[in-house]
Amino acid sequence: MIIKKETSDWENKFVDRITVDFYGTSHEIKKLVVLLVEEKAQFRVRGNEISVVATTAILKQLISKWPAVFETDTKILRSILQDSRVFFKGNNFSFDVTTDPLIYSILNITPDSFYDGGVNTDIEMVLRKIEKEKQAGASIFELGGKSSKPNFADISAEEEWARIAPYIKEIKKSFPDIILALDSNTDDVIERALNEGIQIINDIDGFESERKLELVSEYHPAVVTMFNGRNNPENSQTFQKDLKKYFMNSIAKLSECGLDMSSIVIDPGVGFSNVRVLKFDLLKMKAIELLSELNVPLMIAISRKSFTSKLFDLKEDERLIPTLLFESCMVRAGGRILRVHDVKETKEMIEILKIFK
């Protein structure tokens, strides 16, 4: 039997769908149909060809049963399965996010962040929060020392660093194996954080400065590169095409710095626009399926953001339910790293999605 991986043209495509074409004799095709029906796989038969759209779980089952049914090697199927996996990797961590999204907790050490400003002002309280959120399902914790909300007040690098430095020290002391990220677009702060062992840098400006690229080349952190509509033009007619081109260029630049694709996360930048209309937030959320074609981890960073207030006139403390509903749609479309304020509720949402998968 001939086996070939294809790009699916079926409707309602989601991440974790692998399209494989099988060509064989009529006898082989009949046996494969029985096997596919057992595994409840989607397939189409055209003569001596079967086109199958399988999840990774179904493909694993086919691999396990294949030798007994066909008495042949599963090397090609195993290769297809391996090539279809998506990883997020960095210094001392590696996550397979092909099917299981990661929860990435936000820890803003700021007085003016839009939702949790002024909340995380006590180190002991933050340590307790981390312990609780680790148990609830968070895998990564991100420190931010400067707000990036619309019309935020910029601060000096010294002030930004002074806010977060004590937290880095105490967090690493209490949780030596923790995976820490930094939310900053300030060159000097990024360099200091990398010197302190921060493993992930999240830059709202997409690493567009030469200094940041030099730091990436020197330290090789994992990165989150974001499209910032405050710095880049946004045209609703060509937006998804422009967004994909932007990230292709960003990935290329970061790859030239020595980063593997699995260390580059992309974030379409919901809430970052000079055009304060709902249209662009929705376009960015809907772009997830298209961006999944780039085969890098995709970040969902919409937690309690103001697009929900444009829809339903909700205050920050009323935005949890729409946040979770939009996140669930984006996970189904390919989002794999959820940057959130509400870890417990996000974990419950992920578990519900698994039940109905």
Side-chain angles (χ1 to χ4, degrees), residues 83 85-95 97 102 104 140 142 144 146 148 154 157 160 179-235 238-274 280 283-284 287-301 334-337 339:
D83 291 344
R85 295 168 75 188
V86 179
F87 288 88
F88 179 36
K89 296 181 181 179
N91 182 23
N92 295 325
F93 71 86
S94 177
F95 296 102
V97 294
L102 283 182
Y104 180 114
I140 298 169
E142 180 188 86
K146 178 176 69 173
S148 58
D154 208 354
E160 183 181 350
I179 302 168
L180 279 182
L182 172 72
D183 174 15
S184 179
N185 64 342
T186 310
D187 296 1
D188 289 345
V189 173
I190 290 172
E191 182 171 14
R192 291 183 181 187
L194 290 170
N195 279 323
E196 292 298 323
I198 291 283
Q199 297 135 293
I200 304 166
I201 302 297
N202 182 1
D203 178 21
I204 63 171
D205 293 331
F207 296 89
E208 293 189 337
S209 81
E210 288 301 318
R211 181 56 186 147
K212 287 173 191 169
L213 292 175
E214 289 171 0
L215 291 170
V216 171
S217 295
E218 181 179 353
Y219 289 91
H220 291 94
V223 299
V224 180
T225 179
M226 195 189 82
F227 174 83
N228 190 337
R230 301 171 194 169
N231 302 336
N232 296 280
E234 295 177 324
N235 182 328
T238 62
F239 185 73
Q240 290 206 348
K241 179 181 176 182
D242 295 341
L243 190 65
K244 188 174 181 181
K245 182 178 179 181
Y246 173 88
F247 281 123
M248 289 174 67
N249 291 335
S250 184
I251 291 167
K253 287 191 300 183
L254 292 163
S255 297
E256 289 173 5
C257 294
L259 293 191
D260 187 82
M261 295 278 281
S262 61
S263 297
I264 303 170
V265 176
I266 60 177
D267 174 2
V270 175
F272 286 81
S273 177
N274 276 326
F280 285 102
L283 284 172
K284 290 171 183 179
I288 287 290
E289 184 174 344
L290 176 68
L291 295 177
S292 68
E293 296 174 5
L294 298 176
N295 204 37
V296 296
L298 302 181
M299 175 168 278
I300 301 171
R336 277 297 171 267
I337 300 175
R339 182 179 181 272

With heavy-atom distances below 4.5 Å as the criterion, would you say the side chains of R336 and V86 are in contact? no
Could you tell me if the side chain of S184 sits less than 4.5 Å from the side chain of I201, heavy atoms only? no
M248 versus K253: any side-chain heavy-atom pair under 4.5 Å? no
Between D203 (side chain only) and F207 (backbone N and O only), is there a donor and an acceptor less than 3.5 Å apart? yes
For residues Q199 and N91, report the shortest heavy-atom separation together with the two atoms involved. NE2-O, 3.2 Å
Is K284 close to S273 at the side-chain level, that is, under 4.5 Å between some pair of heavy atoms? yes
Flag the pair F272 / F280 as yes when at least one side-chain heavy-atom distance between them is below 4.5 Å, and no otherwise. no
Closest approach of S250 to T225 (non-hydrogen atoms, all atoms of both residues): OG-OG1, 2.8 Å
Under a 4.5 Å cut-off applied to non-hydrogen side-chain atoms, are D183 and R339 in contact? yes
Could you go step by step and tell me if F247 and L291 meet the side chain to side chain contact (heavy atoms under 4.5 Å, CB included) rule? CA-CA 8 Å; F247 281 123; L291 295 177; 3.9 Å; yes
Check against side chain to side chain contact (heavy atoms under 4.5 Å, CB included), M226 and M299: CA-CA 9 Å; M226 195 189 82; M299 175 168 278; over 6 Å; no
Identify the heavy atoms of K89 and S263 that sit nearest to each other, and give their distance. O-OG, 2.9 Å
N195 side chain to Y219 side chain, donor-acceptor N/O pair below 3.5 angstrom: yes
Between the side chains of K212 and N185, is a donor N or O closer than 3.5 angstrom to an acceptor N or O? no
Under a 4.5 Å cut-off applied to non-hydrogen side-chain atoms, are L194 and L215 in contact? yes
Please round to the nearest 0.5 Å and tell me the distance separating atom CG of L290 and atom CG of L283. 11.5 Å
Please name the pair of heavy atoms, one in P268 and one in I288, separated by the smallest distance, quoted to 0.1 Å. CG-CD1, 4.2 Å
CD1 (I266) and CG (L294) are apart, to the nearest 0.5 Å, by 5.0 Å
What I'd like to find out is whether the side chain of F88 reaches to under 4.5 Å of the side chain of I200, using heavy atoms alone. yes
Interatomic spacing from CG in L182 to CZ in R192 - rounded to 0.5 Å: 12.0 Å
Measure centre to centre between the rings of F87 and F95, then say whether the value is under 6.0 Å. no
How long is the straight-line distance from NZ of K245 back to NZ of K241, given to the nearest 0.5 Å? 7.5 Å
For P297 and I264, work out which heavy atoms get closest and say how close. CD-O, 3.3 Å
D260 and S262: side-chain donor and acceptor closer than 3.5 Å? yes
Drop me the distance from I179's CD1 to I198's CD1, to the nearest 0.5 angstrom. 11.5 Å
Spacing of CD1 belonging to I251 relative to CD belonging to E256, to within rounding of 0.5 Å: 12.5 Å
Scanning both residues in full, the closest heavy-atom pair of R230 with N274 reads O-ND2, 2.9 Å
Does the side chain of N202 pick up a donor-acceptor pair with the side chain of E142 at under 3.5 Å? yes
Quiz question: by atom type and distance under 3.5 Å, do the side chains of N231 and D205 form a donor-acceptor pair? yes
